[in-house]
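Presented below is the structure to which this report refers.
A, B, ... follow the sequence lines: proteins, then strands. Residue 1 opens every chain.
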2 protein chains.
Amino acid sequence: MTKKYVYFFGAGRAEGSAEMRALLGGKGAGLAEMTNAGLPVPPGFTITTEACSAYFRSGEVLPEGLWDQVMEALRRLEEVTGRTFGGGEHPLLVSVRSGAKVSMPGMMDTILNLGLNDETVEALARESGDERFAYDAYRRFLQMFSSVVLGISDERFEEALNELKRRRGVELDTELGASDWRQLTETFKAIVRREMGEEFPQDPYHQLRLAIEAVFRSWNTKRAIDYRNAAGIPHDLGTAVNVVTMVFGNMGWDSGTGVLFTRDPRTGEKVLYGEYLLNAQGEDVVAGIRNTKPIAELSRELPEVYNQLVEVAGKLERHYRDMQDVEFTIERGRLWLLQTRAGKRTARAAIKIAVDMAQEGLIQREEAVMRVSPSDVDSLLHPQFDAAVKQQLAAEGRLLVRGVNASPGAAVGMVAFDADTAETWGKEGKEVIMVRPFTKPDDVHGMLASRGILTSEGGATSHAAVVARQFGVPCIVGARQLEIDLEARQMRVGERVVREGEWISIDGSTGEVFVGRVPTVHPRLEEQAELMKLLSWADEVRRLQVWANADVPEDAARARRFGAQGIGLCRTEHMFFGEERLPIVQRMILAESEEEREQALQELLPLQRQDFEGLFRVMDGLPVIIRLIDPPLHEFLPDRNQVWEQLIESRLAAVSQYVLGRRADGRIGELERLLASIEGMHESNPMMGLRGVRLSIIMPGIVKMQVRAIMEAACRVARDGIVVKPEVMIPLTGHVNELKVIQPELEKVAEEVMAETGVRVNYKFGTMIEVPRAAVTADDIASVAQFFSFGTNDLTQMTFGYSRDDAEARFLLQYVERGILPANPFQTIDREGVGELMKMAVSKGRRTRPDLEIGVCGEHGGDPLSIEFCHEIGLDYVSCSPFRVPVARLAAAQAALKLKERVAEREEVGSRK
Amino acid sequence: MTKKYVYFFGAGRAEGSAEMRALLGGKGAGLAEMTNAGLPVPPGFTITTEACSAYFRSGEVLPEGLWDQVMEALRRLEEVTGRTFGGGEHPLLVSVRSGAKVSMPGMMDTILNLGLNDETVEALARESGDERFAYDAYRRFLQMFSSVVLGISDERFEEALNELKRRRGVELDTELGASDWRQLTETFKAIVRREMGEEFPQDPYHQLRLAIEAVFRSWNTKRAIDYRNAAGIPHDLGTAVNVVTMVFGNMGWDSGTGVLFTRDPRTGEKVLYGEYLLNAQGEDVVAGIRNTKPIAELSRELPEVYNQLVEVAGKLERHYRDMQDVEFTIERGRLWLLQTRAGKRTARAAIKIAVDMAQEGLIQREEAVMRVSPSDVDSLLHPQFDAAVKQQLAAEGRLLVRGVNASPGAAVGMVAFDADTAETWGKEGKEVIMVRPFTKPDDVHGMLASRGILTSEGGATSHAAVVARQFGVPCIVGARQLEIDLEARQMRVGERVVREGEWISIDGSTGEVFVGRVPTVHPRLEEQAELMKLLSWADEVRRLQVWANADVPEDAARARRFGAQGIGLCRTEHMFFGEERLPIVQRMILAESEEEREQALQELLPLQRQDFEGLFRVMDGLPVIIRLIDPPLHEFLPDRNQVWEQLIESRLAAVSQYVLGRRADGRIGELERLLASIEGMHESNPMMGLRGVRLSIIMPGIVKMQVRAIMEAACRVARDGIVVKPEVMIPLTGHVNELKVIQPELEKVAEEVMAETGVRVNYKFGTMIEVPRAAVTADDIASVAQFFSFGTNDLTQMTFGYSRDDAEARFLLQYVERGILPANPFQTIDREGVGELMKMAVSKGRRTRPDLEIGVCGEHGGDPLSIEFCHEIGLDYVSCSPFRVPVARLAAAQAALKLKERVAEREEVGSRK
């Protein structure tokens with residue numbers, strides 16, 4: 001018995017189904033499914049991908065039995081259509097199309113109107129009563145078949161058509177008549193005769209056989225192979241071949257063709273959306289020769305068909321349980337569906353549709369949660385440009401440059417080339433885009449005063465990018481074609497120059513920079529009922545908590561509004577960069593005696609306490625993790641080279657004074673001392689130097705002050721009836737003994753404060769796990785630490801041995817482009833390396849302390865793929881920037897659902913064994 | 001039945017033995033052991049540590065049954081000595097001493113001559129016929145008992161003795177006579193009466209009981225507790241108490257006391273060595289009041305005793321199977337042994353004794369291998385000062401300063417304050433000690449021209465230290481009291497100034513710096529027959545191979561002489577720093593076109609080839625691992641600040657030229673370009689930036705040149721009949737894809753060269769494992785790499801997140817001092833962290849490739865504790881600096897023996913279960 005290679009569909013029944021995608025290809029499975037669902041699909045049959053594979057295996061010979069099965073299917077087709085293939089008064093015409101398991105749009109071949117020849121075209125003319133239509137169809141078939149199957153250059157036919165139009169003195173195809181088309185078919189057949197040395201095949205069976213083989217072979221064309229290589233599709237899948245009865249939308253004004261979305265793909269509203277043309281073929285809609293009409297008009301033009309469409313749309317949605325994008329044709333008042341698939345939609349629509357469908361009972365709430373991608377949520381929370389407007393602007397040549405889309409959202413403002421200008425303008429109420437080659441910590445005040453940030457250097461995790469994401473400021477980095485001239489206060493791309501103060505618009509979601517002002521919309525979470533609903537469903541599903549990284553009460557408040565369940569990281573040192581504080585911090589660092597240092601710390605104490613009070617009040621009832629000082633102290637001092645230059649300037653000035661017989665001022669000595677201090681603190685690799693817990697051990701004064709500030713704030717706030725849950729986090733621990741040394745000292749301070757104030761609060765001490773050794777020895781470390789928080793940024797740096805800034809500028813992006821790394825490990829957790837260490841830390845840590853609270857506070861906390869991993873390895877929470885909290889809530893829910901599904905699958909497999 | 005608390009020894013039989021160290025303490029077990037061995041030991045008994053523990057448990061009450069057992073033992077003692085305790089004509093006197101399981105020298109108490117009172121002292125005088133002796137013994141007992149047991153301040157008694165001497169007008173105790181001592185005993189008893197309000201206890205049983213309790217209590221004095229805390233000794237061990245019959249070396253000229261080594265502890269020669277005094281007590285020998293005589297003289301003074309000593313020495317060595325340090329007393333011609341223990345010895349002696357004893361059949365060869373410490377071998381291979389001479393110099397105030405003993409050996413030379421001076425003088429044949437605040441890579445030529453290196457900054461793994469150890473140059477670093485004035489060409493410590501060109505001597509083994517020339521001896525391995533022998537035995541035992549790190553043929557030759565079995569690391573970039581090469585390398589780096597770069601590489605090719613040819617010739621038949629370029633390119637460029645200063649100087653000069661109406665030279669432009677290049681290459685953490693395999697992927701030209709040079713050299717040398725085994729090592733791999741990208745490109749070069757030359761050699765490609773991620777994903781990496789070499793320096797840096805230079809300068813040494821880290825992880829592998837990753841890499845790597853060759857080429861390869869770990873985890877070899885090869889051979893053997901023993905112990909425990 002030969003294998004079954006052909007699957008028939010038609011007259012309400014199909015041998016295939018949606019599950020047979022691998023065997024029948026996507027299109028074939030879809031046609032079968034629609035047929036079985038009782039939808040009006042032109043009958044036809046699908047030749048399997050196995051046949052294709054067998055064809056290649058046997059050296060391009062059709063497998064045994066295939067042709068017999070095709071003949072048998074053709075017979076059935078003739079039967080259900082009442083037509084005959086290759087002759088008779090009602091000739092059967094078919095389309096022959098490829099259709100692989102995975103969609104490869106435009107990669108493979110299609111032949112329409114197969115079955116026509118010099119005889120049947122006459123029958124078609126008679127049957128349709130439209131000779132022009134018949135010969136138009138025939139000339140199209142001749143051209144398509146000749147180029148696709150016979151391999152004759154398409155140009156030959158185009159030339160002949162153009163020649164004919166020239167001779168007729170017309171511009172459009174529509175201006176040609178029946179006799180013109182008839183004449184053209186003769187010309188086309190002559191071309192074939194000339195090129196092939198033989199006649200165009202008139203036998204439809206022969207045509208069909210050649211067409212099927214041509215579709216098979218199109219699987220192995222160079223462009224198809226290249227496409228599969230690029231898209232990572234296996235080469236051995238093969239393509240199916242769909243042979244489907246032709247239907248015609250150009251058989252008069254009761255015919256037509258169109259595209260239909262079952263809901264509005266822009267807004268998600270539950271109304272039919274789409275366009276159509278009467279008396280036209282699909283190609284005409286695409287070509288845009290005639291203006292299409294909105295689908296609503298069909299209710300007036302062909303009300304019955306419209307009603308049928310409404311019914312079909314409902315059926316399709318109930319069947320596929322998603323919004324569908326449908327291609328249809330109306331042949332003489334009869335509706336045919338040629339294809340249906342899930343419709344593409346905007347983020348807003350995706351959310352509304354998912355929520356509506358769940359509320360309509362069409363899908364489960366969990367399915368709704370799975371239907372929306374986290375990036376949809378993300379894009380909804382940032383200001384946006386209208387895509388159409390952007391397209392328009394690009395067409396007008398107003399797209400200045402593209403860079404790396406570092407922080408999503410749209411922003412419009414006047415260009416400012418330094419942080420101070422940006423801040424000044426910002427205070428004046430102006431909208432500013434700060435543009436720099438790159439940014440540094442002392443640019444932050446300018447960045448915060450800006451609507452957007454644009455840099456010519458740096459990668460997706462450069463300083464500018466990280467800070468921008470943290471504060472939800474749209475940002476584009478690494479726009480390398482941009483030449484910034486800070487002296488001349490202008491930037492240029494090629495010939496185009498933008499001066500300081502001129503308007504630009506940046507789209508942080510796409511990396512595009514436009515000249516001028518592009519209008520934006522700024523959505524708010526609270527106003528988006530469907531999103532709020534969806535997130536509440538996500539919250540029901542997820543196990544992983546979502547906390548936020550926030551340093552100031554405003555951030556914390558926003559985080560809470562967005563659904564954060566705690567603060568996972570408050571970076572105390574960010575508070576040190578404040579304008580009034582930095583001088584005190586510098587005095588503390590440069591102190592020449594313990595008293596001097598202690599005095600500076602005493603000045604900082606009330607300022608820090610105030611910071612923490614605000615946080616605790618906002619986070620009433622929720623945990624707040626405060627990380628003790630982490631960076632090396634030299635980060636708070638001015639740049640060495642800058643001081644050096646000032647010193648030289650001062651000395652040169654002193655020379656002038658000397659020449660003029662005057663005394664020099666005292667600034668030189670001061671600068672010399674400052675320079676000496678800075679140089680004394682120099683480290684060759686500061687990332688791995690004196691910072692974090694190491695700094696606390698060598699110089700415990702700072703962290704004792706910080707713990708005092710935390711606990712004083714906590715006790716004050718607690719006295720007001722607010723529930724405070726401070727958790728003190730020690731960064732950069734590598735050996736448990738570091739904690740054994742410093743933690744008791746700090747706990748003592750905490751107890752002192754509580755004794756002084758007479759208020760008791762529950763506090764915890766824990767540590768970051770961000771050094772590989774901490775992960776490897778997590779069992780030891782958990783004997784002291786009461787919680788872990790993965791600092792996945794540093795852990796990634798040290799596990800790979802990458803200094804992030806250096807790596808992204810020098811080689812990391814090239815690594816990702818060349819596929820050496822599957823993704824930038826600073827964006828998505830590297831499962832095999834960093835992830836393996838995290839798993840080790842979780843299992844070892846919990847072995848020592850089963851109730852150990854474990855989270856992530858690196859930037860990965862806001863990345864959906866990383867969140868999925870965090871869920872899988874059993875973390876308690878992820879902490880991310882406030883703006884990412886809704887994204888993380890959804891991602892955490894999806895992670896839980898995916899894992900549940902995988903477990904269920906495994907169990908099913910297990911029970912089947 | 002009560003517990004046995006008392007163990008008797010005497011008359012050739014003891015109840016205890018050497019194995020009962022925990023119960024009887026070290027001393028008690030030793031006395032029992034000697035007694036059983038038939039050696040002349042004064043009889044006595046030991047009260048167990050359990051009695052001590054019971055004493056404390058019950059609140060300082062003697063445990064039940066103890067006193068009865070003491071009485072019983074005293075009866076036996078009276079029996080075997082023929083003396084009576086507390087009366088009679090032959091009074092029995094005893095010493096009462098503590099003796100814990102672990103030696104705690106000077107920490108606990110001793111009472112001599114117990115049993116004396118107003119009555120027995122008279123009997124003693126009669127029996128000895130020496131009243132002075134008897135009262136001298138009594139007054140000593142009174143003082144010792146009163147201070148130790150009764151707690152009366154020792155000063156009272158010293159004052160009384162001094163008062164008596166003042167009154168008698170004498171200076172020395174020896175000038176006092178019998179009546180003086182008798183009078184003093186009355187004074188002493190009066191002191192006790194005054195201080196205690198009661199009489200000195202005259203009942204010897206009472207004395208004994210008080211003394212035993214006092215010894216028990218001495219276990220818990222503050223100083224004993226402090227000592228145990230510091231030494232990590234458990235507090236619950238308790239001390240034993242030894243009650244031993246007194247023997248007297250001061251009973252006339254046929255009595256005496258002395259110390260005996262059974263072999264010469266300085267040289268290891270098999271002759272008795274020691275000193276003695278006749279008619280004297282142990283204290284007299286220690287006090288140095290009379291000059292002791294060498295033991296050989298005893299053969300003339302008391303030939304019988306001497307012969308007995310010779311016999312005893314042999315018996316002791318046969319019994320203890322080691323050279324012994326023996327305390328003895330001769331009482332009226334009769335020899336008594338009071339203590340024996342393994343004698344301390346010099347490195348040279350340790351080796352000779354071990355080898356001799358093995359050859360004498362006294363110990364097994366394996367035991368000989370275990371007897372010598374690796375540091376003994378190390379110290380034997382470096383020039384040395386004589387310890388006595390150093391002591392003399394210190395006494396003369398010529399010890400200038402102490403620093404960190406970074407590289408062992410002694411060196412003498414004239415101070416040079418920079419590398420160029422050192423090199424110039426060195427070429428002139430002068431002996432130079434290079435002194436710098438710290439050293440940098442471009443100081444290496446000066447370091448190599450020097451006999452020794454001294455720096456005021458840096459730690460044990462600073463650049464100076466590492467390079468010095470690599471090249472076996474004695475080195476002291478971090479001599480912080482040293483103020484170096486490079487301008488004035490002098491250095492000072494306090495008031496003492498040493499100018500450039502003056503002589504100093506440095507001892508790299510101890511960290512001492514002396515002013516002037518101290519004579520040295522410089523041993524050679526080949527001349528040290530015993531060491532050669534010992535190492536050959538070590539070679540028979542060890543499994544772990546020892547390879548060497550060598551960049552040049554001279555180093556390789558030395559390594560081979562020292563027994564290296566391969567080159568584990570040749571650092572190709574060290575070759576780039578050569579005087580003639582650096583300019584070419586810089587041209588290559590700064591090249592503005594590919595052609596320019598290629599041309600520079602072509603110039604480097606023959607130079608590198610020549611380097612490798614030399615190495616291959618020397619290592620005929622042995623593997624040579626060559627590491628491709630590792631450091632970031634900016635290391636080969638001048639320092640940024642230096643160029644900046646030159647630029648300012650040039651600009652200032654140009655100003656002068658301008659003022660004088662002349663044109664400035666063109667140097668400014670050149671410097672500006674250089675500065676821009678250097679700044680363009682700046683990285684914030686170069687250790688984790690563009691280096692190693694990353695550099696090779698971004699800029700493959702350099703490594704292709706290197707592989708060509710390696711293979712051309714290999715093929716040339718192979719043509720001369722030499723067996724070449726090149727192994728190309730790719731550094732800093734973190735992801736297997738890095739190898740997948742670069743290795744095939746390099747293998748292609750290798751195949752090209754072999755095709756060109758028509759010679760085939762076997763080569764391997766492998767990688768360093770020095771990034772934590774490489775260890776975690778070693779299974780993947782081994783799918784491409786044919787060998788692994790742990791770069792434990794970088795692996796330690798990244799696992800801990802320590803930048804070595806920064807860490808040691810800022811906090812690491814403090815971490816070690818404060819016990820936060822048990823050891824400097826750059827010296828000894830951190831087993832829990834770094835070691836855990838290494839174990840993971842070994843097991844994962846071998847899972848993929850069972851025959852994977854794995855070694856270590858970090859500095860740990862020369863550290864005995866690290867070598868032990870490398871053996872345990874199954875590495876194939878360690879690679880260390882040539883001078884450490886003998887050390888590593890011994891350490892590898894010891895590692896094998898220790899593991900064998902542990903396995904045997906485990907099996908024994910297992911079989912007993």
Side-chain angles (χ1 to χ4, degrees), chain A residues 632 640-641 644 648 652 681-690 692 694-695 697-698 732 734-735 737-738 740-741 770-777 780 794 796-807 809-812 814-815 818-822 825 830 832-837 840, chain B residues 632 640-641 644 648 652 681-690 692 694-695 697-698 732 734-735 737-738 740-741 770-777 780 794 796-807 809-812 814-815 818-822 825 830 832-837 840:
Chain A
R640 183 258 175 208
N641 291 345
W644 177 226
I648 289 175
L652 274 176
M681 287 187 171
H682 171 78
E683 293 184 311
S684 26
N685 298 286
M687 219 265 295
M688 310 174 81
L690 184 59
R694 304 163 192 171
L695 179 63
I697 287 175
I698 301 300
L732 215 69
H735 196 293
N737 286 351
E738 293 176 311
K740 284 186 181 165
V741 163
E770 51 186 337
V771 167
R773 197 183 187 285
V776 175
T777 62
D780 291 339
D794 272 6
T796 300
Q797 295 201 84
M798 293 176 198
T799 302
F800 275 91
Y802 291 167
S803 169
R804 192 168 66 177
D805 291 346
D806 300 331
R810 307 278 171 197
F811 62 87
L812 189 52
Q814 216 187 108
Y815 265 33
R818 294 176 62 178
I820 296 173
L821 294 178
D830 156 53
E832 293 89 39
V834 177
E836 203 55 38
L837 288 175
M840 191 185 298
Chain B
R640 183 258 174 209
N641 291 346
W644 177 227
I648 289 174
L652 274 177
M681 289 187 164
H682 172 78
E683 294 184 310
S684 26
N685 298 284
M687 219 264 295
M688 310 174 83
L690 185 59
R694 303 163 194 172
L695 181 60
I697 286 175
I698 300 300
L732 215 68
H735 196 293
N737 287 350
E738 292 176 311
K740 285 185 180 167
V741 164
E770 52 186 338
V771 167
R773 196 182 187 285
V776 174
T777 63
D780 292 337
D794 271 6
T796 300
Q797 295 200 84
M798 293 176 198
T799 304
F800 275 91
Y802 291 168
S803 169
R804 191 169 68 178
D805 292 346
D806 301 331
R810 308 279 168 195
F811 62 85
L812 189 52
Q814 217 189 108
Y815 265 33
R818 293 175 65 178
I820 296 173
L821 293 178
D830 156 52
E832 294 89 37
V834 177
E836 203 56 40
L837 287 175
M840 193 185 298

What's the verdict on side-chain contact (heavy atoms from CB on, under 4.5 Å) for A:T777 and B:E836, showing C-alpha distance, side-chain angles and the deciding distance? CA-CA 9 Å; A:T777 62; B:E836 203 56 40; over 6 Å; no

Would B:R810 and A:I698 count as a side-chain contact (heavy atoms from CB on, under 4.5 Å) here? Give the steps. CA-CA 9 Å; B:R810 308 279 168 195; A:I698 301 300; over 6 Å; no

Check the pair B:V776, A:V776 against side-chain contact (heavy atoms from CB on, under 4.5 Å), reporting the backbone distance first and the verdict last. CA-CA 11 Å; B:V776 174; A:V776 175; over 6 Å; no

Hey, mind stepping through A:M688 and B:D806 against side-chain contact (heavy atoms from CB on, under 4.5 Å) and telling me if it holds? CA-CA 8 Å; A:M688 310 174 81; B:D806 301 331; 6.0 Å; no

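Contacts of A:L652 with chain B are made by side-chain atoms alone, with heavy-atom separations under 4.5 Å and no backbone atom involved. Looking at A:P822, the atoms closer than 4.5 Å to chain B (heavy atoms on both sides) all sit in the side chain, from C-beta outward. Proximity to chain B (any heavy atom under 4.5 Å) is restricted, for A:I648, to the side chain, taken from C-beta onward. Interface remark: A:E683 contributes backbone and side-chain atoms alike to the contact with chain B (heavy atom separation under 4.5 Å).
The minimum heavy-atom distance between A:R640 and B:R640, with the atom names listed, is NH1-NH1, 4.0 Å. Closest approach of A:S684 and B:P686 over heavy atoms only: O-CD, 3.3 Å. The shortest non-hydrogen separation linking B:E738 to A:Y815 is OE2-OH, 2.6 Å.
Contact check on B:E832 versus A:R773 returns a salt bridge, with a Lys/Arg side-chain nitrogen under 4.0 Å from an Asp/Glu carboxylate oxygen.
Highest contact tally toward chain A, considering only B:D830, B:N737, B:T799, is held by B:T799 [criterion: heavy-atom pairs under 4.5 Å]. The candidate with the highest count of non-hydrogen atom pairs below 4.5 Å against chain B, out of A:G692, A:A775, A:A807, A:G801, is A:G801. Of the residues considered (A:R694, A:H735, A:M798, A:M687), A:R694 shows the highest number of contacts with chain B, using heavy-atom pairs under 4.5 Å. When each of A:V771, A:D794, A:D780 is checked for heavy-atom pairs under 4.5 Å with chain B, A:V771 comes out on top. Highest contact tally toward chain A, considering only B:V834, B:I697, B:L821, B:V741, is held by B:I697 [criterion: heavy-atom pairs under 4.5 Å].
The shortest side-chain heavy-atom distance between A:L812 and B:L690 does not fall under the 4.5 Å cut-off. For the pair A:M840/B:M840, a side-chain contact is recorded, criterion being any heavy-atom separation below 4.5 Å from C-beta on.
No side-chain donor from either of A:N685 and B:R804 sits under 3.5 Å from a side-chain acceptor of the other.
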